[in-house]
Amino acid sequence: MRNWLKVERAKRNITQAELAKALNVSRQTINSIELGKFIPSTVLALRIANYFEVKVEDIFILDEDEK
Amino acid sequence: MKLSYLSALNQPYAKKTGILFAGIFILLEIVAKLTGTLEAIDLPTINVFILATLFMAVFSKEKTDDERTRIIRYFSLKTSFQLLILGISINYLGMIINYWNSIVEPIYIAIASLILYLLIFHLANYFNPGFIFKEETTEKKGSIKLAAVIMAFIAIATLYNIITTIIPS
């Protein structure tokens with residue numbers, strides 16, 4: 001699964017630490033998600049999308065083989 | 001003891017306090033052993049203090065207890081617990097097959113497993129290895145075979161001990 005979390009962060013000029021604090025997670029969690037190492041739970045994905053005021057599928061995209 | 005006393009583990013200072021005092025007691029024991037002044041200290045009491053402070057450090061609440069931290073914590077606890085059981089089993093296995101006369105004190109195995117948990121947790125948290133977060137979708141046949149071999153070895157060693165006990169030399 002790919003994600004555009006880094007792009008959304010860059011659009012709003014937010015650091016990983018700031019986003020982590022807003023979502024009440026650790027900075028390493030945000031970093032892990034951006035690197036594709038960690039797949040967030042549904043709740044966290046929804047909270048991320050809600051924070052950026054976009055849809056979940058605009059941030060998190062399934063790969064072709066995962067569909 | 002009131003259960004509310006255990007809520008102290010939820011405080012952020014519990015982990016640092018536990019690690020600090022565990023370090024002091026471990027250092028005290030090492031210095032006593034190196035200088036040959038082991039008789040001057042109450043070793044069992046020191047070991048219990050080490051165990052208690054490490055317990056406090058390991059089971060205290062993390063500063064940020066999000067889902068990624070919980071996955072790493074689960075992996076670290078699982079690994080250290082497996083090694084704890086393995087350590088105790090090998091320890092008693094050695095005694096069963098008469099390989100060594102005295103067993104290692106189980107408290108040292110318990111202390112080692114708690115220290116191992118702290119190392120695994122913090123290293124995994126820092127280096128963020130991807131394999132911890134991968135979902136295990138396929139059965140790992142290799143690990144099952146290894147477990148079966150170990151169990152068979154323990155069973156054979158136990159049987160050997162029983163037979164040698166029954167049959168007079």
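In what follows, chains are A, B, ... by sequence order, proteins preceding strands, each numbered from 1.
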Legend entry - From OG (A:Ser41) to CD1 (B:Ile71), nearest 0.5 Å: 8.5 Å
Inset, instruction - Under the ring pair (Phe, Tyr, Trp, His ring centres under 6.0 Å) rule, collect the residues that match up with B:Phe75, sequence neighbours excluded. - result: B:Phe131
Inset, instruction - Measure the OG-CG distance between A:Ser32 and B:Asp66 for me, rounded to the nearest 0.5 Å. - result: 9.0 Å
Inset, instruction - Could you tell me the separation between the CG atom of A:Asn24 and the OG1 atom of B:Thr64, rounded to the nearest 0.5 Å? - result: 7.5 Å
Legend entry - Linked, directly or transitively: B:Phe133 and A:Met1 (ILVMFWY side chains, under 4.5 Å): yes
Legend entry - Verdict with supporting geometry, B:Glu67 and A:Phe38, side-chain contact (heavy atoms from CB on, under 4.5 Å): CA-CA 10 Å; B:Glu67 51 197 61; A:Phe38 176 63; 3.5 Å; yes
Legend entry - same_hphob_cluster(B:Ile111, B:Ile30) at 4.5 Å side-chain heavy-atom cutoff: yes
Inset, instruction - Provide the full list of side-chain hydrogen bond (donor to acceptor under 3.5 Å, both in side chains) pairs with a residue in residues 47-60 of chain A, sequence neighbours left out, each pair given once. - result: none
Legend entry - Among A:Val25, A:Asn31, A:Thr29, the one residue meeting side chain to side chain contact (heavy atoms under 4.5 Å, CB included) with B:Arg68: A:Thr29
Legend entry - Donor-acceptor contact present, side-chain A:Lys37 to main-chain B:Asn128, <3.5 Å: yes
Legend entry - hydrophobic_cluster_shared for B:Phe81 and B:Ile120, side chain cutoff 4.5 Å: yes
